[in-house]
Amino acid sequence: MKYNQNDVSLAIKRDRKAFENISIDRNNDLYKMALYMLGNSELAKEVVSDTVMDVMVGICKLKSPERFEKWVLKILTNKCKRKIKDKYNKFNVYNPNAIGAEAGENVSKGENIDHETKTDVQIALSKLNTKDRMIVSLCVVEGYKSSEVAEILSMNSSTVRSRLNRSLKKMREYLEVE
C-alpha cells in the first residue's frame with residue numbers, strides 16, 4: 001500500500017478530492033488486510049468503513065505525510081483488535097460462510113491459487129493467535145518489513161521476526177500434515 005505523497009499533503013490541508021484519491025485507491029488493500037485479520041467479509045467492510053471515517057476526521061492532525069500509511073494501518077489493526085475482542089472469545093479466521101470470502105472477490109494477491117489451497121492456508125492461519133495472525137498478514141501478505149510491523153503493532157522488531165518465524169513454522173507443519 002503506497003500512497004501518493006502529494007495527495008496526502010493536500011488531504012492534510014482538507015482537500016476533499018485528494019482525500020478521495022487516497023481512500024478510493026487503497027480501500028481494497030485495507031479490506032484485504034481486515035479480511036485476513038477478521039476472517040469475516042462483513043466485519044472487514046465495517047472496519048474499513050470506520051477506519052476511513054477516522055482517517056477523514058483526524059488527517060488534519062497528521063504532521064508528516066510520510067507517516068500516513070503506518071498511521072492508517074495502526075488505526076485499521078486497532079479496530080480489528082477491538083472487533084475480535086468484542087465479538088469473539090475464540091476466533092477462527094476460516095469461515096466458509098463469510099460473504100464474499102469465497103465468492104470470487106479478489107481478496108488475495110495470489111489470484112491463481114486454487115480454492116482448496118486458499119482454504120487450507122486460511123485454516124492454517126486460523127490456528128494462530130490474533131497477534132501472530134496480524135504479523136503474518138502484515139509481513140507476508142502485505143510485504144511490510146519487521147521494523148514497520150513492529151512500529152504498527154507497538155512491538156520490538158526482533159519479537160516480530162521471531163513470532164513470524166514461529167507462526168510460519170506452525171502453518172507449514174499444519175499444511176504438511178494435511
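Only heavy atoms go into these numbers, but all of them, side chains included; no hydrogens, no water, no symmetry mates.
- For the pair Val160/Cys139, a side-chain contact is recorded, criterion being any heavy-atom separation below 4.5 Å from C-beta on.
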Using distance only, find each side-chain donor-acceptor pair of residues 49-58 under 3.5 Å and give its atom names and separation, not counting sequence neighbours.
{"residue": "Thr51", "atom": "OG1", "partner": "Val47", "partner atom": "O", "Å": "2.8"}
{"residue": "Asp54", "atom": "OD2", "partner": "Lys79", "partner atom": "NZ", "Å": "2.8"}

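- Listed for the Asp15 side chain is no donor-acceptor partner under 3.5 Å among the backbone atoms of Ala11.
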Sequence neighbours left out, cut at 3.5 Å: what donor-acceptor pairs do the side chains of residues 149-158 make with other protein atoms?
{"residue": "Glu151", "atom": "OE1", "partner": "Lys70", "partner atom": "NZ", "Å": "3.4"}
{"residue": "Glu151", "atom": "OE2", "partner": "Arg67", "partner atom": "NH1", "Å": "2.3"}
{"residue": "Glu151", "atom": "OE2", "partner": "Arg67", "partner atom": "NH2", "Å": "3.0"}
{"residue": "Ser154", "atom": "OG", "partner": "Lys74", "partner atom": "NZ", "Å": "2.5"}
{"residue": "Asn156", "atom": "OD1", "partner": "Ser158", "partner atom": "N", "Å": "2.9"}
{"residue": "Asn156", "atom": "OD1", "partner": "Ser158", "partner atom": "OG", "Å": "2.9"}

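- Looking at Asp132 and Arg166, their side chains never come closer than 4.5 Å, going by heavy atoms from C-beta outward.
- Side-chain contact between Val136 and Tyr36: absent, with no pair of heavy atoms (C-beta onward) separated by less than 4.5 Å.
- For the pair Glu148 (side chain) and Lys145 (backbone), a donor-acceptor distance under 3.5 Å is present.
- Looking at Ile135 and Val140, their side chains never come closer than 4.5 Å, going by heavy atoms from C-beta outward.
- Cluster membership for Leu10 and Ile22, using ILVMFWY side-chain heavy atoms within less than 4.5 angstrom, is not shared.
- Side chains of Phe68 and Ile12 form no contact here, defined as non-hydrogen atoms less than 4.5 Å apart.
- For Ser167, the side chain to side chain donor-acceptor pair (under 3.5 Å) test picks out no residue, with sequence neighbours left out.
- Side-chain contact check for Met33 versus Val72: every heavy-atom pair is 4.5 Å or farther apart.
- At least one side-chain heavy atom of Glu176 sits under 4.5 Å from a side-chain heavy atom of Arg172.
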